[in-house]
Amino acid sequence: TAVPPNLWKSTDGGKTWTVVNVGLPDQGARGNSDVDLAMAGDGTLYFASMTFDRKTSRGTDINIGVSRDAGVSWTWTQLSQTLGDDRPWVEVAPDGTVHVIWNDGEGVSYAVSTDRGKTWTERPRIHPEGGSSHLAVGPKGEVAVRITPHSLSGFKDHPDADFIAVSVDGGKTWQKHRPPGQRKWTPMMELKGGGLPRWVEPIAWDAASALYYLWTEPDGVHLARSSDHATTWRQWLIAEMKDATPFFPYVVARKPGELAATWFSAKLPDNTTLRTHVARITVAANGPPQVRSAPPFTFDAVTASGIPQPGGEYVPVAFLRNGRLAVVTPIQNLKANRLGFSW
């Protein structure tokens with residue numbers, strides 16, 4: 001049975017929350033899995049949502065909802081109905097162009113809207129292999145897409161599909177570059193035997209059009225910056241880890257050189273000592289990044305047998321207008337049948 005995606009809204013800085021009525025499935029509001037939310041400069045909201053069939057462990061469709069009145073009313077468009085649809089992302093350029101990516105095991109799909117979501121055009125795939133790991137749009141309309149080997153909800157791997165694709169003409173053409181650093185990609189279905197989990201490999205543009213990439217290795221958390229659209233990079237080890245392995249990072253950027261990041265750490269593969277990390281990062285024009293980290297914390301997410309779990313593939317972080325950071329974590333306690341989110 002089709003269900004609408006869940007969306008919540010707070011108007012008092014997260015003290016209280018109310019459910020947003022995004023519509024019904026027969027109106028196109030469909031989704032029960034991966035989501036992404038973006039807001040344009042004029043306040044238009046874009047809500048991307050994926051439907052996942054838990055019986056077959058496959059995605060079935062990608063949908064996009066548009067609201068021009070702060071979530072009071074919504075119109076929905078189905079961007080794809082392909083078995084295997086997975087991991088949508090949506091971002092809005094300064095000129096109002098909306099970019100959406102997803103994958104289905106046969107490459108990274110891509111659609112745009114130039115009329116505030118009234119119509120959508122699916123453009124050629126950005127790459128014929130790999131997964132839609134992350135999407136970022138820069139201050140001049142630059143678009144960056146992180147393409148990774150994992151796709152089709154982790155059931156398919158293209159080992160050579162490891163790129164950062166960049167477009168400086170609104171997504172019409174793409175230049176693909178190998179990312180900085182070294183990574184070993186363990187197929188998702190083989191992680192129980194050991195290996196570092198990877199899924200979202202986050203990228204972000206700051207206000208000066210510098211592109212950042214955050215990733216993890218067994219030795220710690222790594223950050224790289226490019227000032228020439230991913231052609232060349234400077235890179236740093238920003239958090240050294242000795243007693244646990246970092247994984248599932250996330251990063252956002254705001255003013256020039258101003259970043260915020262999250263990641264998990266644990267003793268793998270059984271997730272003992274699972275912790276969540278949040279940090280503010282300042283990257284000067286010269287010199288190493290300055291990192292301020294909050295004390296690591298845990299949240300309410302365990303499997304049915306009581307084993308700690310991350311509850312997803314990243315912890316989202318965002319800059320608020322007042323300069324504070326917002327962090328959302330899932331409540332996914334399957335043992336106690338307790339579900340929700342914390343702010």
Side-chain angles (χ1 to χ4, degrees), residues 14 33-34 87 133-134 146 148-150 153-154 181-202 204 212-224 235-252 259-281 288-318 324-343:
S33 187
D34 296 345
R87 194 51 272 186
S133 184
H134 207 217
R146 182 68 174 100
T148 58
H150 298 333
S153 300
Q182 301 292 323
R183 279 153 303 280
K184 180 180 179 182
W185 289 89
T186 302
M188 297 292 286
M189 299 301 112
E190 299 176 11
L191 283 175
K192 290 184 179 180
L196 197 155
R198 302 186 188 277
W199 195 252
V200 175
E201 294 273 298
Y212 296 87
Y213 169 46
L214 189 74
W215 76 101
T216 64
E217 288 298 326
D219 65 341
V221 182
H222 296 254
L223 176 70
Q235 54 183 295
W236 308 271
L237 176 64
I238 63 167
E240 189 174 5
M241 309 290 290
K242 294 182 178 180
D243 299 324
T245 302
F247 63 102
F248 288 167
Y250 192 77
V251 70
V252 293
L259 285 73
T262 65
W263 63 90
F264 292 98
S265 69
K267 291 184 178 180
L268 301 176
D270 55 4
N271 281 348
T272 56
T273 70
L274 181 66
R275 297 290 185 271
T276 307
H277 302 254
V278 181
R280 282 181 178 264
I281 305 167
Q290 301 299 312
V291 181
R292 290 185 294 157
S293 298
F297 62 92
T298 61
F299 55 84
D300 192 11
V302 297
T303 65
S305 57
I307 299 174
Q309 62 165 334
E313 292 90 17
Y314 65 101
V315 167
V317 59
R324 300 175 68 188
L325 291 183
V327 176
V328 179
T329 57
I331 298 171
Q332 199 173 82
N333 190 326
L334 302 183
K335 186 176 182 179
N337 195 29
R338 186 165 53 242
L339 301 170
F341 68 94
S342 58
W343 163 271

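We use all heavy atoms of the structure for the numbers below, so side chains are in, but hydrogens, waters and symmetry mates are not. Nothing fancy with the numbering, it's 1 onward along the sequence.
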_If you compare all heavy atoms of A239 against all heavy atoms of W263, which two are closest, and at what distance to 0.1 Å?_
CB-CZ2, 3.8 Å
*asked:* According to side chain to side chain contact (heavy atoms under 4.5 Å, CB included), who are the partners of P296, at least two apart in sequence or on a separate chain?
replied: R275, H277
*asked:* Determine whether the aromatic ring centres of residues F264 and F247 are separated by less than 6.0 angstrom.
replied: yes
_Listed partners of Y212 passing ring-ring contact (aromatic ring centres under 6.0 Å, His included), at least two apart_ = none
*Taking side chain to side chain contact (heavy atoms under 4.5 Å, CB included) as the test, write out the residues that go with T148, two or more places apart.*
S133, R146, W185, E201
*Evaluation steps, side-chain contact (heavy atoms from CB on, under 4.5 Å), between I238 and I281*: CA-CA 9 Å; I238 63 167; I281 305 167; 3.6 Å; yes
*Could you tell me which non-hydrogen atom of P269 sits nearest to which non-hydrogen atom of L191, and how far apart they are?*
CB-O, 4.0 Å
*Is there a side-chain contact (heavy atoms from CB on, under 4.5 Å) between Y213 and Q235 once you walk through the steps?*
CA-CA 9 Å; Y213 169 46; Q235 54 183 295; over 6 Å; no
*asked:* If I compare all heavy atoms of Q309 with all of Q332, which pair ends up nearest, and what's the gap?
replied: NE2-O, 3.2 Å
*For V327, all residues meeting side chain to side chain contact (heavy atoms under 4.5 Å, CB included), sequence neighbours excluded*: V278, V315, V317, T329
*Residues in ring-ring contact (aromatic ring centres under 6.0 Å, His included) contact with W343, at least two apart in sequence or another chain*: W17
_Shortest non-hydrogen separation from W215 to Q182 and the atoms involved_ = NE1-O, 4.1 Å
_Non-neighbouring partners of D270 that pass side chain to side chain contact (heavy atoms under 4.5 Å, CB included), sequence neighbours left out_ = T272
